[in-house]
Amino acid sequence: VVGNTGGGKSVVINALAEAQTKLGLITKLYTLNAKACTVNELYGILDPQTRDWQDGLLSKIFREICRPTEKSEKRIVMFDTDVDALWVE
């Protein structure tokens, strides 16, 4: 959902998640502000010397979302910030 600041986008998505949960479809909402961290903190980084990968915030969220579960639930990742060319790619 994209729109003007203060347009109620977050309120609508939160209401959707609450309504689905009340109707029996558990809905987990992962909200993050991509501009509150660096690109490396958001996506992760490969150490050029050791070749070790360090997960970023979004990588950790995706690993959590993709983990198998017995529950039937919806999972929504919400970037609650301005669209920025640095993180949108």
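Reckoned from all heavy atoms, side chains included, excluding hydrogens, waters and symmetry mates.
Listed by chain and residue number, nothing satisfies the side chain to side chain contact (heavy atoms under 4.5 Å, CB included) test with Asn4 (two or more places apart in sequence, or in another chain). Looking at residues two or more places apart in sequence or on another chain, you find a side chain to side chain contact (heavy atoms under 4.5 Å, CB included) between Asp55 and Trp53, Ser59, Lys60, Arg63. Taking the salt bridge (charged side-chain N to carboxylate O under 4.0 Å, His left out) definition, one finds that Arg51 meets it with nothing, sequence neighbours left out.
Here the CG atom belonging to Leu42 is positioned 12.5 Å from the CD1 atom belonging to Ile45, to the nearest 0.5 angstrom. Once rounded to the nearest 0.5 Å, the distance linking CG of Leu32 with CD1 of Ile61 reads 4.5 Å. To the nearest 0.5 Å, atom OH of residue Tyr30 and atom CZ of residue Phe62 are 11.0 Å apart.
Other residues, nucleotides and ligands place no more than 12 heavy atoms under 6.0 Å from the CD atom of Gln54.
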Using a 3.5 Å cut-off and no angle test, enumerate the donor-acceptor pairs between side-chain atoms of residues 16-27 and protein atoms at least two apart in sequence or in another chain.
{"residue": "Gln20", "atom": "OE1", "partner": "Thr27", "partner atom": "OG1", "Å": "2.9"}
{"residue": "Thr21", "atom": "OG1", "partner": "Ala17", "partner atom": "O", "Å": "2.9"}
{"residue": "Thr21", "atom": "OG1", "partner": "Thr27", "partner atom": "N", "Å": "3.3"}
{"residue": "Thr27", "atom": "OG1", "partner": "Leu25", "partner atom": "O", "Å": "3.1"}

Only pairs under 3.5 Å count here: list side-chain donor-acceptor contacts from residues 64-73, not counting sequence neighbours, and write none if there are none.
{"residue": "Thr69", "atom": "OG1", "partner": "Lys71", "partner atom": "N", "Å": "3.3"}
{"residue": "Glu73", "atom": "OE2", "partner": "Arg75", "partner atom": "NE", "Å": "2.9"}
{"residue": "Glu73", "atom": "OE2", "partner": "Arg75", "partner atom": "NH2", "Å": "2.9"}

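Evaluation of the side-chain hydrogen bond (donor to acceptor under 3.5 Å, both in side chains) test over residues 8-17, restricted to residues two or more places apart or in two chains, returns Ser10-Asp80.
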